Amino acid sequence: MKPFFFFFFFFFFSGAVAGRRTGTLSTRYYQRSCPNVESIVTSVVTNKQITNPTTAAGALRLFFHDCFVGGCDASVLITSNSFNAAERDAEINLSLPGDAFDAVVRAKTQLELTCPNTVSCSDILALATRDLVSMLGGPFYSVPLGRKDSLSSHVFSVEGNLPRPNMTISQILSIFSSKGFSTQETVALTGAHTVGFSHCKEYASRIYSFNGGAHDHYDPSINPRYAQALQKACANYLHDPTIATFNDVMTPGKFDNMYFQNLARGLGLLASDQALVSDSRTSPFVHLYAANQTAFFHDFAAAMQKLSVLGVKSLRDGEVRRRCDQFNTIST
Ligand code: HEM
Ligand SMILES: *[C@@H]1O[C@H](CO)[C@@H](O)[C@H](O)[C@H]1NC(C)=O
Ligand SMILES: *[C@@H]1O[C@H](CO)[C@@H](O)[C@H](O)[C@H]1NC(C)=O
Ligand SMILES: CC(=O)N[C@H]1CO[C@H](CO)[C@@H](O)[C@@H]1O
């Protein structure tokens with residue numbers, strides 16, 4: 001009875017509005033049920049970004065991780081409990097910033113007041129990320145809506161689905177290709193490292209005792225002055241693991257094509273960043289984007305749209321969570 005009723009509704013309304021559609025998603029998905037969803041998300045995350053300027057980069061990384069691990073289904077927002085270690089528990093998630101979680105939770109709270117039980121947490125994260133990228137100066141793109149939230153989240157699903165800085169370009173391209181991304185799309189998406197920061201341990205092996213050398217021996221592909229500045233900034237990182245430096249040392253808070261310009265000057269922070277310019281499969285796109293920001297923005301926006309519909313759940317295998325950090329039915 002209930003599923004039938006839903007299907008009837010779904011087809012009736014989705015047929016009645018001529019929105020832009022991607023599969024079952026549509027930019028007008030909430031046109032009747034929550035017409036102000038986009039302006040509500042925009043206003044909440046704008047305020048959050050103004051008070052906490054690290055929110056935007058955090059959200060972008062969070063969204064990437066959510067979509068790459070089992071689809072864009074807000075599984076990354078689930079809190080672990082004594083019965084289940086959720087995605088957030090993965091070592092790689094240890095540094096996913098709290099401000100981005102908080103932005104989603106605040107938007108959800110606001111939306112539950114206006115249109116209860118309607119807007120999924122995965123749609124909120126997709127919209128919040130789009131808004132925050134454009135607030136930093138990046139491209140604006142439309143986000144089709146109607147994602148449902150996952151019914152599971154497991155720490156063991158993370159390994160193998162996310163790229164790591166110590167992977168080779170072949171390993172990285174193979175992860176992205178398994179999710180349907182071309183080499184060019186992979187390079188465009190990695191341009192996200194034009195904002196935000198990384199903790200020292202993610203690149204310590206490049207700046208200290210490189211290849212087993214003396215303590216101050218660094219990777220020769222790093223610009224020497226940059227390498228020395230990083231050695232200094234990270235000097236105490238083993239005692240203070242919270243020390244981090246900007247991904248884009250030139251324009252850290254601006255979403256632009258400086259990340260690609262940096263790579264040609266040895267100013268890439270992670271080994272995987274710097275490797276993009278020395279590998280013949282990826283370097284043509286690094287040079288293209290370094291020379292032409294319009295081309296980068298165009299390709300980044302298209303790749304983000306593609307990312308945002310990865311492995312999307314429907315009501316058959318998902319739900320609209322009441323709280324973004326918990327499933328509606330707590331099970332063991
Ligand atoms: C090429 C593969 C990639 C690797 C190896 C990689 C790895 C990393 C690492 C190790 C960090 C630092 C995390 C920390 O120390 O807290 C980081 C930060 C970040 N990554 Fe990636 N990443 C990749 C691709 C991407 C993509 C495709 C996106 C988004 C579309 C992205 C968005 C970000 C952002 C925005 C940050 C900064 C986070 C913040 O400031 O809170 N990364 N990445
Ligand atoms: C990369 O480093 C991690 C530890 O951070 C290690 O577990 C993994 O085996 C390394 N991977 C490669 C490809 O070297
Ligand atoms: C930059 O890229 C855009 C979009 O692909 C293209 O239309 C434009 O002609 C390019 N500009 C230059 C100077 O090559
Ligand atoms: C931001 C976030 O939720 N990080 C979590 C990652 O996993 C650790 C280990 O359980 C949690 O304590 C963090 O809260």
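Read the numbers this way: they start at 1 and go in the same order the structure lists the ligands and their atoms. Side chains included, hydrogens not; waters and symmetry mates left out as well; all remaining heavy atoms used. For clarity, every value in this text was computed on a predicted model and none was experimentally measured.
Those atoms of ligand 1 with a heavy atom of Ser272 less than 4.0 angstrom away are 5 (C). Counting the atoms of ligand 1 from 1 in the order shown, those under 4.0 Å from a heavy atom of Thr190 are 1 (C). Heavy-atom contacts of Gly58 reach the following atoms of ligand 1: 41 (O) (cutoff under 4.0 Å). Every atom of ligand 1 is numbered from 1 in the order shown, and the set under 4.0 Å from a heavy atom of Ala192 is 28 (C), 29 (C), 30 (C), 31 (C), 32 (C). The contact set between ligand 1 and Gly196, taken as ligand atoms under 4.0 Å from a residue heavy atom, comprises 37 (C), 40 (O). Near Asn292, meaning under 4.0 Å from any of its heavy atoms, are these atoms of ligand 3: 1 (C), 2 (O), 3 (C), 8 (C), 10 (C), 11 (N), 12 (C), 14 (O). Near Leu189, with a cut-off below 4.0 Å to any heavy atom, the atoms of ligand 1 are 26 (C), 27 (C), 30 (C).
For ligand 1, the polar-atom distance check finds no N/O of Arg164 at less than 3.5 Å from any of the ligand's N/O atoms. In terms of polar-atom proximity, Phe197 is counted as a contact of ligand 1, with an N or O under 3.5 Å from an N or O of the ligand. Polar contact check, His193 against ligand 1: a nitrogen or oxygen pair lies under 3.5 Å apart.
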Item to complete: Test side-chain hydrogen bond (donor to acceptor under 3.5 Å, both in side chains) on Glu87 and Ser157 and set out the steps.
Response: CA-CA 7 Å; Glu87 272 175 39; Ser157 311; 5.4 Å; no
Item to complete: Please step through ring pair (Phe, Tyr, Trp, His ring centres under 6.0 Å) for the pair Phe176 and Phe68, ending with a clear verdict.
Response: CA-CA 9 Å; Phe176 279 82; Phe68 259 46; 4.9 Å; yes
Item to complete: Show the numbers, then the answer: is there a side chain to side chain contact (heavy atoms under 4.5 Å, CB included) between Ile172 and Thr282?
Response: CA-CA 11 Å; Ile172 289 171; Thr282 48; over 6 Å; no
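Counting all heavy atoms, side chain and backbone alike, Asp256 lies closest to Phe296 at O-CE2, 3.4 Å.
Of the candidates Val37, Ile40, Val119, Ile40 is the only one forming a side chain to side chain contact (heavy atoms under 4.5 Å, CB included) with Thr114. Of the candidates Arg321, Arg147, Lys313, Asp123 forms a salt bridge (charged side-chain N to carboxylate O under 4.0 Å, His left out) with just one, namely Arg147.
Every heavy atom of Ala244 sits 4.0 Å or more from the atoms of ligand 1.
In this structure, Arg164 does not pair ionically with Glu159, as no charged nitrogen and carboxylate oxygen lie closer than 4.0 Å. Between Lys48 and Asp99 a salt bridge is recorded (basic side-chain N to carboxylate O distance below 4.0 Å).
One distance of note links OG1 of Thr194 with CZ of Phe255; it measures 6.5 Å at 0.5 Å rounding. Interatomic distance, CG of Leu173 versus CD of Glu185, reported as 12.0 Å (0.5 Å rounding).
Using a 4.0 Å threshold on non-hydrogen atoms, atom 9 (O) of ligand 3 does not count as touching the protein.
If you check each of Ser198, Pro163, Ala188, Cys67 against atom 12 (C) of ligand 1, the one with the closest non-hydrogen atom is Ser198. Taking only non-hydrogen atoms, the option from Phe68, Phe63, Tyr203, Phe64 nearest to atom 27 (C) of ligand 1 is Phe64.
The parts of His199 lying near ligand 1 are both backbone and side chain, judged by heavy-atom distances below 4.0 Å. With a heavy-atom cut-off of 4.0 Å, Thr54 does not touch ligand 1 at all. Contacts with ligand 1 closer than 4.0 Å are made by no heavy atom of Thr186, backbone or side chain.
Note: His199 and Phe197 have perpendicular aromatic rings, judged against thresholds of 30 and 60 degrees for the angle between ring planes.
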